[in-house]
Amino acid sequence: MSDSKSTELMEKIVSLCKRRGFIYPSSEIYGGINGFWDYGPLGAELKRNVKDLWWRSMVHYRDDVVGLEATIIMHPMIWKASGHLDTFSDPMSTCRQCKKLVRSDQALEMVEDAEWFQRLQQFYTATAQSLPIAVTVEALEKLEQSVRKKAPNLALVRAREAVSARLVESASSDGAEWSNETQFLRSVSTENPGNGYAHFPCPHCGGELTEPRPFNLMFKSHYGPVESEDNVCYLRPETAQAIFVQFKNVFETSRQKMPFGIAQVGKAFRNEVTPRNFTFRSREFEQMELEFFIKPDEAVAALAGKLATAADGAWQGVPQADWGWEVWHKYWVEQRVRFYENIGLAREDFVEYWQKPDELAHYARATVDILFRFPFGVQELEGIAARGDFDLTQHQKFSGKSTEVFDEELRAAWTKLDDATRQSIKARYESTVRESLVKRGFLESDAAIQATEFSTAYIEKLAKGYYVPHVIEPSAGVDRLILALLCKAYHEVVSTDEKGKSETRVVLKFHPRVAPIKVGVFPLLKNKPELVAKAHAVRDLLRPHMTVFYDESGAIGRRYARQDEAGTPFGVTIDFETLGEKPELLDTVTLRHRDDGRQERVAIADLLPRLLPLIR
RNA sequence: GCGGGUGUAGCUCAAUGGUAGAGCGCUAGUCUUCCAAACUAGUUACGAGGGUUCGAUUCCCUUCACCCGCUCCA
């Protein structure tokens with residue numbers, strides 16, 4: 001995944017970022033703080049541009065999305081309802097031998113999948129099913145040989161003589177270590193079976209796992225000056241929950257109708273186990289999230305008379321009244337990829353990963369990861385999840401306040417439906433509920449009863465025009481996108497001068513829309529006051545419309561090179577022809593293009609109309 | 001949190017148990033008519049703390065950050 005070459009490339013990017021003022025380590029003069037990064041002058045511009053472009057495309061260019069800016073610290077109960085309080089504190093164990101980190105709750109499952117583990121199971125079943133147990137040191141030695149390769153750190157392998165002697169001894173006396181399969185397996189994985197907690201072998205090497213330790217991924221604080229259990233609060237680990245919590249307010253005050261979305265850009269905080277890969281996994285980071293609320297499929301079917309599916313490619317077009325959640329989901333995936341294309345990333349830079357049903361989080365119906373080919377691997381940039389009504393239902397449950405919407409049209413439409421249609425909508429819903437209950441481990445019979453109960457209540461509400469909206473959530477990491485843009489833009493150009501000396505220059509080929517500085521303005525020479533004055537005039541002409549960098553120091557080539565490294569797409573040079581040395585070229589300038597060094601002569605009056613469409 | 005590696009000007013790299021050096025960059029000036037020109041001057045460092053020592057950038061310990069691996073998924 002990440003070889004030395006890609007590491008080298010990342011190191012170059014990191015050092016360029018610092019040298020040119022894109023990204024610095026946070027708190028650097030105090031020695032830095034792991035997992036936190038600051039954006040310098042160029043980085044701040046780049047980030048603003050990215051967030052602005054996202055906001056414009058999501059909110060301003062659409063009739064059906066509005067914005068929200070919520071606080072970072074919110075009522076702690078929100079995190080209980082969302083599940084973050086529970087799922088963000090997984091106990092972890094470390095293997096004493098191979099030092100790998102294992103989630104304690106997954107250890108058993110992982111161990112059971114291991115080949116060597118199955119050998120042990122077979123041995124147990126063959127040997128120990130009846131008492132008294134006839135087991136010899138030789139038999140255990142054979143067993144040890146069969147697992148030695150795959151589980152080199154298993155106690156039975158590490159300390160074969162001691163462990164097998166103990167097991168033989170136990171078999172002939174109390175038989176405690178052979179009392180059941182689990183007990184036996186634990187016994188072969190440790191030298192000291194009696195030292196306190198229940199052992200489990202490491203799934204990777206058979207070694208001994210440490211006691212589970214809690215890992216809490218949420219930043220904790222207190223509101224109010226006195227720290228106590230009663231005023232614990234958390235920095236949000238995602239911005240999305242605020243949107244769900246304010247959903248009713250926004251719905252009632254924005255004059256939006258279903259379906260519609262709420263967008264938010266803001267900081268989020270996660271106490272990552274290991275921040276890694278430059279800014280990719282930071283502990284403080286920024287997200288751009290949209291929660292797009294849609295009618296449940298049953299409501300769409302009742303209103304539109306039919307339900308569009310994803311198969312026909314409808315999602316590529318303009319939203320339609322008959323779209324179910326699947327179409328909306330694909331629609332948003334496509335919208336997001338188009339957004340990335342608009343800011344300089346190419347479709348080929350991405351991998352769309354559709355999560356398999358067994359990988360989905362409990363709240364998600366479908367999730368697509370948009371992965372970017374970073375130098376250090378193919379990694380997630382954005383996740384687009386179809387979350388059903390999970391979140392709004394959770395908050396309804398925990399807050400005791402309704403998150404339902406009332407849909408006048410739905411009520412009217414429902415009264416006009418014939419009985420058969422009503423029944424088929426209900427039947428379809430009922431079977432989905434039943435299936436999901438079974439998947440969650442309910443017995444067929446119980447699931448059927450519950451599903452009938454649920455669907456009856458649900459359809460009754462629907463008939464009156466009430467439902468809890470479902471949601472599609474495109475959630476992108478700003479800092480990750482910045483990093484992707486930097487990696488994509490990074491180019492090295494090797495040039496050889498007439499003396500045969502070659503040198504490597506760096507060019508950041510940002511799309512003009514995201515480039516921190518849009519245009520460099522240069523007088524060809526700085527010791528000619530007329531050139532300087534004219535250059536100032538050009539700078540002032542452009543400045544109200546775009547970021548401009550004026551530079552008069554050093555040779556012109558040097559100034560071009562410096563702007564290339566900052567990713568400035570255009571350079572404007574004022575020379576003697578601008579001043580009228582050749583009358584026909586009066587008031588024209590050189591417009592230089594970063595990516596190919598191409599130069600053209602452009603009238604000053606044409607600069608704005610030329611440049612503006614390229615940077616907007 | 002565990003293991004391995006790294007830490008000297010902004011960058012690349014030297015040297016040394018006794019005052020730290022170069023190239024590039026950067027800043028200013030002279031000059032310069034389109035891709036890191038030249039000249040002059042200036043600029044800046046031993047990651048932090050402690051110990052051994054008459055004296056530590058160098059030896060020892062601790063710590064911090066970064067990189068690689070385990071975990072994570074915006």
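Below, all heavy atoms of this structure are taken into account, side chains as well, without hydrogens, waters or symmetry copies. Here is the naming used below: chain letters follow the sequence lines, and residue numbers restart at 1 for every chain.
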Whole angstroms only, please: what is the [atom1]-[atom2] distance between [X] and [N]?
X	N	atom1	atom2	result
A:Met218	B:A74	CE	C1'	16 Å
A:Arg19	B:A36	CZ	P	16 Å
A:Tyr560	B:A37	OH	C1'	16 Å
A:Leu531	B:U33	CG	C1'	9 Å
A:Lys526	B:C31	NZ	P	10 Å
A:Glu28	B:A9	CD	P	11 Å
A:Glu286	B:A74	CD	P	16 Å
A:Leu16	B:C11	CG	P	13 Å

Work out how far the [atom1] atom of [N] is from that of [M], and round it to whole angstrom.
N	M	atom1	value
B:A15	B:G23	C1'	15 Å
B:G7	B:C61	P	16 Å
B:A36	B:A65	C1'	32 Å
B:U43	B:A22	C1'	16 Å

With respect to the side chain of [X], which nucleotide from [options] is positioned closest?
X	options	result
A:Arg276	B:C73, B:U33, B:C70	B:C70
A:Arg270	B:C73, B:A37, B:U33	B:C73
A:Arg558	B:A74, B:C35, B:A37	B:A37
A:Asn277	B:C68, B:C34, B:C26	B:C68
A:Glu11	B:C34, B:A36, B:C67	B:C67
A:Arg505	B:C34, B:A36, B:G29	B:A36
A:Arg480	B:A36, B:A74, B:U33	B:A74
A:Asn34	B:C67, B:C34, B:A65	B:A65
A:Thr590	B:G69, B:U33, B:C34	B:C34
A:Asn527	B:U33, B:C73, B:C31	B:C31

Do other residues, nucleotides or ligands put more than 12 heavy atoms under 6.0 Å from the CD atom of A:Glu69?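 Not more than 12 within 6.0 Å, no.
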Phosphate OP1/OP2 of B:C11 contacted by A:Lys12 side-chain N/O (<4.0 Å):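 For B:C11, neither OP1 nor OP2 has a side-chain N or O of A:Lys12 closer than 4.0 Å.
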N/O (side chain, A:Arg562) to phosphate O (OP1/OP2, B:C26) under 4.0 Å: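 Affirmative; the distance criterion is met.
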Can you tell me which stems RNA chain B forms when a stem means 3 or more consecutive Watson-Crick or G-U pairs under 3.5 Å?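 For RNA chain B the paired stretches long enough to count as stems (3 pairs minimum) are B:1-7 with B:64-70, B:10-13 with B:21-24, B:25-30 with B:38-43, B:47-51 with B:59-63.
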Please report whether the ring centroid of [Y] lies less than 6.0 Å from that of [X].
X	Y	value
A:Phe269	A:Tyr234	no
A:Phe278	A:Phe376	no
A:Phe293	A:Phe247	yes
A:His593	A:Phe570	yes
A:Phe285	A:Trp37	no

Base, sugar-phosphate, or nothing for [X], non-hydrogen atoms under 4.0 angstrom?
X	value
A:Gly35	sugar-phosphate
A:Gly597	base
A:Leu381	sugar-phosphate
A:Arg601	base
A:Asp596	nothing
A:Phe278	sugar-phosphate
A:Asp479	nothing
A:Glu581	base
A:Glu577	nothing
A:Gln287	sugar-phosphate
A:Ser475	sugar-phosphate
A:Ser15	nothing
A:Phe280	base
A:Glu284	nothing

Taking atom types as they are modelled, is there a donor-acceptor pair under 3.5 Å from the base of B:A36 to the side chain of A:Glu565?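 Under the 3.5 Å cut-off, the side chain and the base do form a donor-acceptor pair.
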Side-chain-base donor-acceptor pair under 3.5 Å for A:Glu473 and B:A74: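 No.
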Of A:Glu382 and A:Val589, whose closest RNA chain B nucleotide lies nearer the 5' terminus?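 On the 5' side of the pair lies A:Val589.
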For A:Val14 and for A:Gln355, find the nucleotide of RNA chain B with the closest heavy atom, then tell me which residue's nucleotide is more 5'.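 Nearest nucleotide further toward 5': that of A:Val14.
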Does either side chain, that of [X] or that of [Y], offer a donor lying less than 3.5 Å from an acceptor on the other one?
X	Y	value
A:Gln241	A:His395	yes
A:Thr590	A:Arg601	yes
A:Asp551	A:Ser553	yes

For A:Thr239, is there any backbone N or O sitting under 3.5 Å from a side-chain donor or acceptor partner on A:Glu289?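 Yes, the answer is positive, given that a donor and an acceptor are paired below the 3.5 Å cut-off.
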Should the pair A:Arg338 and A:Tyr340 be classed as cation-pi, given the thresholds of under 6.0 Å to the six-membered ring centre and 45° from the axis?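 Negative - A:Arg338 is either too far from the ring of A:Tyr340 or too far off its axis.
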